Amino acid sequence: MAYQHINIPSDGDKISVADGKLLVPDHPIVGYIEGDGIGPDITRACLQVWNAAVEKAYQGTRQIAWCELYMGEKAAGLYDGNYFPSETLTALKELIVSIKGPLTTPVGGGFRSLNVSIRQELDLYACVRPVRYYNGVPSPLKKPEEVDVVIFRENTEDVYSGIEYEAGTEENAKLAKFLREEMGATFFEGAGIGIKPISAFGTKRLVRKAIQYAIDHNRKSVTLVHKGNIQKFTEGAFMKWGYEVAEEEFPEHTLTEAELWDTHNGEVPEGKIVIKDRIADISFQLLQLRPAEFDVLATSNLNGDYLSDATAAEVGGIGIAPGANIADHVAVFEATHGTAPKYANLDKVNPSSLLFSGVMMLEYMGWTEAAELINNAFERVIADKTVTYDFARLMDGATEISTSEFANCLVEKMG
């Protein structure tokens, strides 16, 4: 299609899907959105590192043709105040693989969260957040190296479905009357009302993707995280439907924790993945005390939101935590932190969240050699204690450097 402001590069080829698999050409067109606040600073730095890694890994035989897409404040300036232009949505679908910086999300009013809008409009039902420790990164844990989990958070239902009715509105009053008079519910007058849908369809496709990931990456377990002891027909159903997916669709690859002990005396048979569940609140404690017990986690939306950020804090914080929003094939990788507007254009902040989201993206494309170059270079730079301000204040003898200098160091360490 013809775009108003988006220019599809002529020197690249589009990624496609055939027989359920991603087909990535040697010169793929990949979309990127700078983001707001610190977005331009970290995107500029990360593009330098990603390009260098691809060049180093493939010696010119592969190269990404980057296509800038517009959303947030930059889009508003181009599209007469529209923060989420429809042609950007079309391009995200067409290009299949994209990455974005942080976007402005107003609190308590204003336009709807752009991050949530992307997930809803593209049906990016799996928020995937790998959390692992890199040697040398400051951590509050005694043994942070035991943290190596991948969190699959359901991305479209639960509280993020956006079904809310403001206190004092006609819609709120109508719903409150129905709940009290028809359903026998009791709650305080003047309450805002939100509805929390969790479906078998939404749960099963999320858990299916988590189990398949565990199989493909030789992971040992998938833990269903829920609050089913209190919310039995939403959170409890998430757990029940998760077990059903394992039993019905992956019987050759999975066994339950009960089967593990009742039949196998706690010894996991070769080629099997343990499916278990944990209550959400105890999961927070266990991920601090015994993180090695967790591998892949599948969670409902709000639980996953809290849990992924809390787990990231154990290994350096969300400033270095990557993430992706993935449908069956369309994927938008993203920085998991906010826009930090007070640091905008200061060339100051840590770009690692976006950087490692790009590592995830390279792995998703099958370009694992380039991804591993970045992982290895990062640990070498950390070992030298040449870091941005957030790490420098936590490390003895560190040298504080800027965002762009950090990118330069990463490129140098690839050599």
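The basis for the numbers below is simple: all heavy atoms, side chains too, and nothing from hydrogens, waters or symmetry mates. Keep in mind that this is a model prediction, so the values were computed, not measured. The first residue in the sequence is number 1, and the count goes up from there.
Considering only heavy atoms from C-beta on, Ile326 stays 4.5 Å or farther from Leu124 through its side chain. For the pair Thr90/Tyr3, a side-chain contact is recorded, criterion being any heavy-atom separation below 4.5 Å from C-beta on. Side-chain contact between Thr203 and His226 is absent, with no heavy atoms from C-beta onward closer than 4.5 Å. The closest side-chain heavy-atom distance from Val207 to Phe152 is not below 4.5 Å. Glu235 places a side-chain heavy atom less than 4.5 Å from the side chain of Asp158. For the pair Leu362 and Ile64, the minimum side-chain heavy-atom distance is below 4.5 Å. Residues Arg129 and Val149 form no side-chain contact, since every pair of their non-hydrogen atoms from C-beta on lies 4.5 Å or further apart. By the 4.5 Å heavy-atom criterion applied to side chains, Phe187 and Leu179 are counted as neighbours.
The two residues Met414 and Ile374 come nearest to each other via the heavy atoms CE-CG1, 4.0 Å. Here the closest non-hydrogen pair linking Gly136 and Met395 is O-CE, 3.9 Å. Minimum heavy-atom separation, Gly192 to Asn172: CA-ND2, 3.9 Å. Pairing each heavy atom of Ala327 with each of Asp123, the nearest pair is CB-O, 3.5 Å. For the residue pair Ile96 and His329, the shortest heavy atom distance occurs at CG2-O, 3.7 Å. Shown here for Ile99 and Trp50, the closest heavy-atom pair between the two residues is CD1-CH2, 3.4 Å.
A distance of 8.0 Å separates CD1 of Ile275 from OG of Ser221, quoted to the nearest 0.5 Å. With rounding to the nearest 0.5 angstrom, the OG1 atom of Thr234 is 12.5 Å from the CD1 atom of Ile195. Atom CZ of residue Phe84 and atom CD of residue Glu121 lie 5.5 Å apart, to the nearest 0.5 angstrom. Note that CD of Glu293 and CD of Glu146 are 9.5 Å apart. Values are rounded to the nearest 0.5 Å. Rounded to the nearest 0.5 Å, atoms CG (Leu92) and CD1 (Ile6) are 7.5 Å apart.
For CG of Asp216, the number of neighbouring non-hydrogen atoms (other residues, nucleotides, ligands) closer than 6.0 Å is greater than 12. Atom NZ of Lys56 is surrounded by 12 or fewer heavy atoms from other residues, nucleotides or ligands within 6.0 Å. For Glu252, the CD atom sits in a loose shell: 12 or fewer heavy atoms of surrounding residues, nucleotides or ligands are nearer than 6.0 Å. Atom CD of Gln63 has 12 or fewer heavy atoms from other residues, nucleotides or ligands within 6.0 Å. The number of heavy-atom neighbours closer than 6.0 Å to CD of Glu247, taken from other residues, nucleotides and ligands shown, is 12 or below. Residue Phe233 places its CZ atom among 12 or fewer non-hydrogen atoms of other residues, nucleotides or ligands, all under 6.0 Å distant.
Phe378 and Phe356 have perpendicular rings, their planes meeting at more than 60° on a 0 to 90° scale where under 30° would count as parallel. Taking the six-membered ring where tryptophan is involved, the planes of Phe250 and His253 are perpendicular, since the angle between them exceeds 60° and thus also 30°. Using cut-offs of 30° and 60° on the angle between ring planes, the pair Tyr58 and Trp367 is perpendicular.
With sequence neighbours excluded, no residue forms a salt bridge (charged side-chain N to carboxylate O under 4.0 Å, His left out) with Asp328. Partners of Tyr243 under the ring-ring contact (aromatic ring centres under 6.0 Å, His included) rule, at least two apart in sequence or in another chain, do not exist in this structure. Not a single ring-ring contact (aromatic ring centres under 6.0 Å, His included) links Tyr306 to another residue, sequence neighbours left out. Judged as a ring-ring contact (aromatic ring centres under 6.0 Å, His included), and not counting sequence neighbours, His264 has no contacts.
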* Asked: Do Cys127 and Asn325 pass the side chain to side chain contact (heavy atoms under 4.5 Å, CB included) test, and can you show the C-alpha distance, the side-chain angles, and the key distance before you say yes or no?
  -> CA-CA 4 Å; Cys127 179; Asn325 300 295; 3.8 Å; yes

* To do: Given side chain to side chain contact (heavy atoms under 4.5 Å, CB included), test His217 with Glu363 step by step and report yes or no.
  => CA-CA 12 Å; His217 294 82; Glu363 292 171 342; over 6 Å; no

* To do: Kindly determine whether Asn135 and Glu145 satisfy side-chain hydrogen bond (donor to acceptor under 3.5 Å, both in side chains), including the steps that lead there.
  => CA-CA 8 Å; Asn135 288 329; Glu145 65 276 4; over 6 Å; no

* To do: Applying side chain to side chain contact (heavy atoms under 4.5 Å, CB included), run through Leu175 and Glu171 and close with a yes or a no.
  => CA-CA 6 Å; Leu175 180 57; Glu171 294 82 4; over 6 Å; no

* Could you check Asn115 against Lys100 for side chain to side chain contact (heavy atoms under 4.5 Å, CB included), going step by step and ending with a plain yes or no? => CA-CA 10 Å; Asn115 295 315; Lys100 70 176 186 66; 2.5 Å; yes

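Each salt bridge (Lys or Arg N to Asp or Glu O under 4.0 Å) pair with one or both residues in residues 267-284, not counting sequence neighbours, appears once here: Lys227-Asp281, Glu257-Arg278.
Under the 3.5 Å distance criterion, the side-chain polar atoms of His337 are left unmatched by any main-chain donor or acceptor of Ser353. Formation of a donor-acceptor pair under 3.5 Å by the Glu314 side chain with backbone atoms of Val147 is not found in this model. Here the side chain of Ser308 pairs a donor or acceptor atom with the backbone of Asp305 at under 3.5 angstrom. Side-chain atoms of Arg119 never come within 3.5 Å of backbone atoms of Asn155 as a donor-acceptor pair (strictly under, hydrogens ignored). Between the side chain of Thr336 and the backbone N or O of Ala321, at least one donor-acceptor pair lies under 3.5 Å.
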Exercise answer: donor-acceptor pairs, residues 29-41 side-chain atoms, under 3.5 Å, sequence neighbours excluded:
residue : atom : partner : partner atom : Å
Glu34   : OE1  : Lys74   : NZ           : 3.3
Asp36   : OD1  : Glu73   : N            : 2.9
Asp36   : OD2  : Thr104  : N            : 2.9
Asp36   : OD2  : Thr104  : OG1          : 3.0
Asp41   : OD1  : Arg44   : NH2          : 2.8
Asp41   : OD2  : Asn345  : N            : 3.2
Asp41   : OD2  : Leu346  : N            : 3.3
Asp41   : OD2  : Asp347  : N            : 3.0

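Side-chain N/O atoms of Glu55 and Asn51 include no donor and acceptor closer than 3.5 Å. Looking only at atom types and distance, the side chain of Lys196 has no donor-acceptor partner in the side chain of Asn301 under 3.5 Å away. Side-chain contact annotation: Thr61 with Gln59, donor-acceptor N/O pair under 3.5 Å absent.
At a threshold of 4.0 Å, the pair Lys348-Glu400 counts as salt-bridged, since one of the basic side-chain nitrogens sits closer than that to a carboxylate oxygen. Ion pairing between a basic and an acidic side chain is recognised when a charged N comes within 4.0 Å of a carboxylate O; Asp148 and Arg132 show no such pairing. Checked for salt-bridge contact, Asp295 and Arg219 meet the test: a charged N lies under 4.0 Å from a carboxylate O. A salt bridge does not link Asp396 to Lys385: none of the charged nitrogens lies less than 4.0 Å from a carboxylate oxygen.
Aromatic rings of Phe391 and Phe406 (six-membered ring for Trp) have centroids beyond the 6.0 Å cut-off, not under it.
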